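What you are looking at is a predicted structure, and each value in this text was computed from that prediction instead of being measured. These numbers come from the heavy atoms of this one structure, side chains and all, not from hydrogens, waters or symmetry mates.
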Amino acid sequence: MVTPIHTALCAILLVLSSVLPTASQAAEAAGRVLFAIGDAKLAGGGALKKDDTISVGQKIVTGANGHVHIRFVDDAFVSVRPNSSLVVEQYVYDPQQPANNRVRFHLDQGVARLITGKAGQAAKDNFRLNTPVAAIGIRGTDFLVQA
């Protein structure tokens with residue numbers, strides 16, 4: 001027998017399954033390291049090196065002599081400078097449906113340079129870079145931020 005509670009639970013599960021990423025989506029590579037020197041690593045992981053993948057949810061951390069360049073799936077470019085910490089919170093690129101594009105970074109500290117890719121260019125309102133004191137949307141395609 002289907003009760004109103006069962007119906008409500010099914011509706012909630014249906015909504016959650018359409019909004020939350022699956023394990024395979026979360027683990028998909030959002031970008032690839034082009035260049036890494038010095039003290040550059042993933043939080044809780046080892047040193048970054050050329051061709052390592054960057055996934056949603058990962059934090060890139062650089063020390064005093066660290067520097068990392070990352071190319072994302074939509075051709076965006078991010079440079080994480082020394083003494084910095086950047087989290088890739090969300091990265092969805094859908095070339096067929098640009099309204100679905102979502103790019104979200106969080107710069108905890110330090111300096112990062114970003115050149116917007118196709119996801120941000122096609123859906124500027126869905127791009128965001130948060131810092132401890134400000135949130136940045138985009139109008140142009142190339143910017144530098146320090147937190």
(request) Please report the shortest heavy-atom distance between V87 and K59, naming the atom on each side. (result) CG2-CE, 3.6 Å
(message) Restricting to non-hydrogen atoms, name the atom on Y91 and the atom on V56 that form the minimum distance, rounded to 0.1 Å.
(response) N-CG2, 3.6 Å
(message) Could you tell me if the side chain of L42 sits less than 4.5 Å from the side chain of I54, heavy atoms only?
(response) yes
(request) Find the distance between CG (L114) and CG (L129) and round it off to the nearest 0.5 Å. (result) 6.0 Å
(request) Of all the heavy-atom pairs spanning A29 and S55, show the shortest one and how long it is. (result) CA-OG, 4.1 Å
(request) Kindly indicate, with the supporting measurements, whether the criterion side chain to side chain contact (heavy atoms under 4.5 Å, CB included) is fulfilled by V88 and F72. (result) CA-CA 11 Å; V88 180; F72 284 86; 4.2 Å; yes
(message) Looking at N83 and G110, would you say the former's side chain and the latter's main chain have a donor-acceptor pair under 3.5 Å?
(response) no
(request) Indicate yes or no for a side-chain donor-acceptor contact from T116 to the backbone of Q121 under 3.5 Å, with no hydrogens or angles considered. (result) no
(request) Working to the nearest 0.5 Å, report the span between CZ of R104 and CZ of F127. (result) 10.0 Å
(message) Going by side-chain hydrogen bond (donor to acceptor under 3.5 Å, both in side chains), R128 matches just one of N130, N126, D125. Which one?
(response) N130
(request) Could I get the full list of side chain to side chain donor-acceptor pair (under 3.5 Å) partners for K41, not counting sequence neighbours? (result) none
(request) Could you list the residues that satisfy ring-ring contact (aromatic ring centres under 6.0 Å, His included) with H69, not counting sequence neighbours? (result) F35, H67, F77
(request) Check A76 against G117 and note the closest heavy-atom contact, atom names and distance. (result) CB-N, 3.4 Å
(message) Would you compute the distance between atom CG of L34 and atom CZ of R71 and round it to the nearest 0.5 angstrom?
(response) 6.0 Å
(request) Output the distance between atom CD1 (I70) and atom CD1 (I60), rounded to the nearest 0.5 Å. (result) 4.0 Å
(request) Taking S85 for its side chain and Q109 for its backbone only, find out whether a donor-acceptor pair lies under 3.5 Å. (result) no
(request) Of all the heavy-atom pairs spanning D74 and A119, show the shortest one and how long it is. (result) OD2-N, 2.8 Å
(request) Output all residues satisfying salt bridge (Lys or Arg N to Asp or Glu O under 4.0 Å) with D94, sequence neighbours left out; order by chain, then residue number. (result) none
(message) Name the residue from Q96, Q97, R102 that meets the side chain to side chain contact (heavy atoms under 4.5 Å, CB included) definition with N100.
(response) Q97
(request) State, with a plain yes or no, whether a side-chain heavy atom of D108 is found less than 4.5 Å away from one of V61. (result) no
(request) For the residue pair F105 and V78, establish whether any side-chain heavy-atom pair is separated by less than 4.5 Å. (result) yes
(request) Grab the two heavy atoms, one from V68 and one from A40, that are nearest each other, plus how far apart they are. (result) CG2-CB, 3.3 Å
(request) For T53 and R32, indicate whether the former's side chain and the latter's backbone hold a donor-acceptor pair under 3.5 Å. (result) no
(message) Strictly distance-based, threshold 3.5 Å: is any side-chain N or O of N65 a donor or acceptor partner for the main-chain N or O of D39?
(response) yes
